[in-house]
Amino acid sequence: MKLKRLEMTLERIAGFSRPRPALEQYQTPAPLAARLLFHALLKGDIEGRVVCDLGSGTGVLAIGAALLGAESVIGVDCDPKAVDIAHANAALLDAGVEFITGDVQDPALPEVLGSCDTVIMNPPFGAQKVHADRPFIDLAISIAPVTYSIFNAGSTQFIKTYTEGRAEIDERVGGVFPIKRTFSFHTQDIREIKVEILRLIRIQKPNRVA
Ligand code: SAH
């Protein structure tokens, strides 16, 4: 599937019916989602891979990964309503994705998810709850050797410091996230936020020799 075709397909995905500000429910716009997915595809991180989408929302990233030939895809979100919409979106686009309800802070979740090859995610940026992105990063690093995540532009240094000794940022791709007026505290009809897609590689711990 070509980039433009993927983008057009992902445009058909239904968004949050009543987005919840506390959960920072902003659907990734199709062009940005397609960009992240295509980049990961070209790096060999999607096709034939076991992929996990943390905070999958209405499913755009997970569904895109399935359409690009992932071996299996699981999406997890703490909002059961979003999970329902994601299921409907996957059915609409005939994408084989498993969506489950779960909180990234639940210590039992890693076992439920198992290990995977690639995590893709657009976590809350922490605008409502400081450091809301941290449990996403921690979980991603613990379940997958490679993670693609969208952050506010300028976050690289923070992420680098936060993941020190656990992961390395080996790529950064810039993008824009047009945010339409969604919540009452929004003052503009549309606002473009500069973002960056980071590729994080888990640092392999050397095996200890007894
Ligand atoms: N990945 C989707 C949604 C991004 S919005 C997309 O790209 O369009 C961020 C998502 O994270 C929301 O769907 C929100 O419900 C979810 N979320 C926020 N806190 C969470 C948590 N603690 N555990 C699981 N999901 C969470």
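Quick caveat, the model's predicted, so the values are computed rather than measured. Note that ligands are numbered from 1 as they come in the structure, with each ligand's atoms numbered from 1 the same way. Heavy-atom basis, side chains included; hydrogens, waters and symmetry copies ignored.
- To the nearest 0.5 Å, atoms CG (Leu54) and CG (Asp138) are separated by 11.0 Å.
- Applying the ring-ring contact (aromatic ring centres under 6.0 Å, His included) test to Phe99 and every residue at least two apart in sequence or in another chain returns His87.
- With sequence neighbours left out, the side-chain hydrogen bond (donor to acceptor under 3.5 Å, both in side chains) criterion links Asp170 to Arg199.
- In this structure, His131 has no ring-ring contact (aromatic ring centres under 6.0 Å, His included) partners at least two apart in sequence or on a different chain.
- Contact residues of ligand 1 (protein heavy atom closer than 4.0 angstrom to a ligand atom; sorted by chain and number): Phe16, Leu23, Glu24, Gln25, Tyr26, Gln27, Thr28, Gly55, Ser56, Gly57, Val60, Leu61, Asp77, Cys78, Gly102, Asp103, Val104, Asn122, Pro124, Phe136.
- With rounding to the nearest 0.5 angstrom, the OH atom of Tyr162 is 12.0 Å from the CG atom of Leu200.
- Counting only distance, with no hydrogens or angles, the side chain of Asp133 and the backbone of Phe125 share no donor-acceptor pair below 3.5 Å.
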